[in-house]
Number of protein chains: 2
Amino acid sequence: MSDELMVAPSFTVCGAGLAGTLAALYLARQGNRVTLYERLPDMRTHSVPRGRSINLALSRRGLHALEALGLAPVIHPLTIPMRGRMIHSLQGELTFQPYGRTPEETIFSISRHQLNCALLDAAAHWPNLEIHFQSRCVGLNLSSMTLEIEDTRTRTVRQVSARTVVGADGAFSAIRQALQRTDRYDYAQTFLPHGYKELTIPALPGGQHALEKNYLHIWPRQDFMLIALPNLDGSFTCTLFLAYEGAESFASLTDEDAIRRFFDRHFPDVTPLMPTLVEDFQHNPTGSMVTIRCFPWQYAGRVVLIGDAAHAVVPFYGQGMNASFEDCFVLDECLRRHNGDTSAAFLDYQQQRKVNTDALAELAYENYLEMRAKVASPWFLMRRRLEYALSNLLGDRFLPLYTMVSFTRIPYAEARARAARQDRWLDAALATLALLVLLALLWWLWPAGR
Amino acid sequence: MSDELMVAPSFTVCGAGLAGTLAALYLARQGNRVTLYERLPDMRTHSVPRGRSINLALSRRGLHALEALGLAPVIHPLTIPMRGRMIHSLQGELTFQPYGRTPEETIFSISRHQLNCALLDAAAHWPNLEIHFQSRCVGLNLSSMTLEIEDTRTRTVRQVSARTVVGADGAFSAIRQALQRTDRYDYAQTFLPHGYKELTIPALPGGQHALEKNYLHIWPRQDFMLIALPNLDGSFTCTLFLAYEGAESFASLTDEDAIRRFFDRHFPDVTPLMPTLVEDFQHNPTGSMVTIRCFPWQYAGRVVLIGDAAHAVVPFYGQGMNASFEDCFVLDECLRRHNGDTSAAFLDYQQQRKVNTDALAELAYENYLEMRAKVASPWFLMRRRLEYALSNLLGDRFLPLYTMVSFTRIPYAEARARAARQDRWLDAALATLALLVLLALLWWLWPAGR
């Protein structure tokens, strides 16, 4: 028995959020002994801090990584399909923009809390996977491979030795900080000037949704934006994206009056549906949004980063969780391909993922710049319809960028490069078309031509 | 007396390198009480670690900031004009590329050590400027404005309260680290895959320079590069830029034999001039090159960053020191414009400088990519000659990028944007010219045209 323990490869995963728990499940399935440390209490039995979640949208990549573990039956009942965007103008007009080319191409609203609980439930089935709650990783000594684990109730710190560490402890990862102290480590954290605030639209008295259910609702207002995603209980989780500073900003919305005036003025159709608006606004924290880039993601085959710890992105492409789940799938593939040789596997994983999550960071930031404004533009809509029409005509030879990102597993970097090529062709085709139309018009109008 | 002390604005400058000492001089001239802390012993009387310096090239911006303080008479005798690049091919052929359009447009080689000593000498003239050597800033508490100063001899740390702190403590600044702990701080450190090594060409027995004196000598070799800058004593300080890893890299040059073979093969004309090559190579440390970007550069009008602490850049445009000196000049201007209101002055300074040092970081990185290869290309040379000819023809309406960066004080960002516009015009003009030549040729050759 003790021999077996010595031989069994063991992994320590820091962070039982979405990425950490899924990674632990994949590692447990491979037969590894897995220990998972989480700073919060067990969220299935304790209430945990709420009010700072942007609801999540599961798309192809995330679903694929869950399904590959056989989790489809427990996840699907938690989801609500969203077939497209429902744009709310200031005048209350609604415009529908489908996400996919076919009704099957939808994304799925899911609550972070319910998804995380489902993953923890799944983890409980594996006898070789052990979870310690209220145990926060506060440090890692790379030469001795000793983790410092703080008991969050007593504030005492104990030393735990680890063979292989998976850092899934989020954007401000303590595991990454240990890597950051190594020589010539590349690191960047970049914050947006916008913050976000969670708000809510409760269910109607009969339990129905107060807005049409199967859509991601958006109120784009140039400098700021409100979105709403449906929950299973009939409510919507809303997120307001707003600048920290400026004329209309979190800094200027300091009292009840200012908050009411702001919402009545900019979101008149939805404000009456939010009875707890002011309390929510004043009570819920303002979240910041950061892009984290770092390299390398691994250390000597002994430490590896996944999820936000490796590549936090801003939420405007709805791909943060999906990319993190894809990390878990790829890491599992790499470990199996290299027969558990973690040095080779981690290098392979890093090589595959870094370029793609860098591309995703760019995509998400570009959408931050464009989404508040562009989705409301008629040109954007027309171009989008044209792309979908071309895609229906040409099949997989022409895929809109959103389709590649959300409904395929084409690597992000490849999707981005391919979309840029398609854009150039489409621009050239449209310019040629415009020229031909102009020539035809001139021919027809010119007296001498007749 | 004690009343006067309370009223006199006081500045604490961390770091008596080039930027910190010049900033302290500017602040002292304004009548402030200035305290300067430096981790090293006084380099005028103690020997300090050597062998990791890339020789410096003073250009317009740096000279201007020195001259504005009346330092011209002490600085000029320390400099050697470099009129252009002298390119050494593998075959030993020399090609001269002038830096400027006129002989007056030159840059100046200067030793970091001698320049720093001259600045410290100048500082000794100000009774309101006090320097503490062997005193390293290891921390700053922003709420209490308490600095932690470590005595580097005894390793004891004492607390010193400060009214206003100027962080001039380099790329790995402890002052910046205090700012980095504030909310939503943007920070990025990016290392190059190349490192550098200081080497030397001693003076000839008669004291003359072993290579032509008034040039910056370059041996561009695609993946690596050697440069040499003249010193007053007849020697040259050389810097080898080479990848850390790979077939020909610092990792592969581990023994005497490998070092000799590498130099004999790639730099045959200069290796005989370097008698201490192997010892220098093995003894001098390999330096890393990093770009640091951060924001904000100031905190509540009480802390401000200058030089590498705010914007370390890679050395390939020869502008790191010049930009840091320009920081000192602009900071002085801002403090005077706002009558010593540090809150307004630091915001003004940051606003003026951040966009320009970001542009410089890009310029320096682009030159890193291009310099090892492009300076040896005949196309590059031809284009460069054309630009200089145009500039002579059009005067200040057409200035080559290198001219704007090195011989004017046009802000870096403006210089970069203007060069991009000029490039587009030049490309269009060349394409038109090519087309006209082609048409003329066709006309002349076509039998029917005659």
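Proteins get letters first, then strands, A, B, ... in listed order; numbering begins at 1 in each.
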Hey, which residues of residues 292-311 of chain A are touching chain B, say heavy atoms under 4.5 Å apart?
none
Atom CD of A:Q351: over 12 foreign heavy atoms under 6.0 Å:
no
Is it the case that over 12 heavy atoms from other parts of the model lie below 6.0 angstrom from the OH atom of A:Y365?
no
How would you list, in number order, the residues of residues 177-190 of chain A that have a heavy atom less than 4.5 Å from chain B?
A:R184, A:Y185, A:D186, A:Y187, A:A188, A:Q189, A:T190
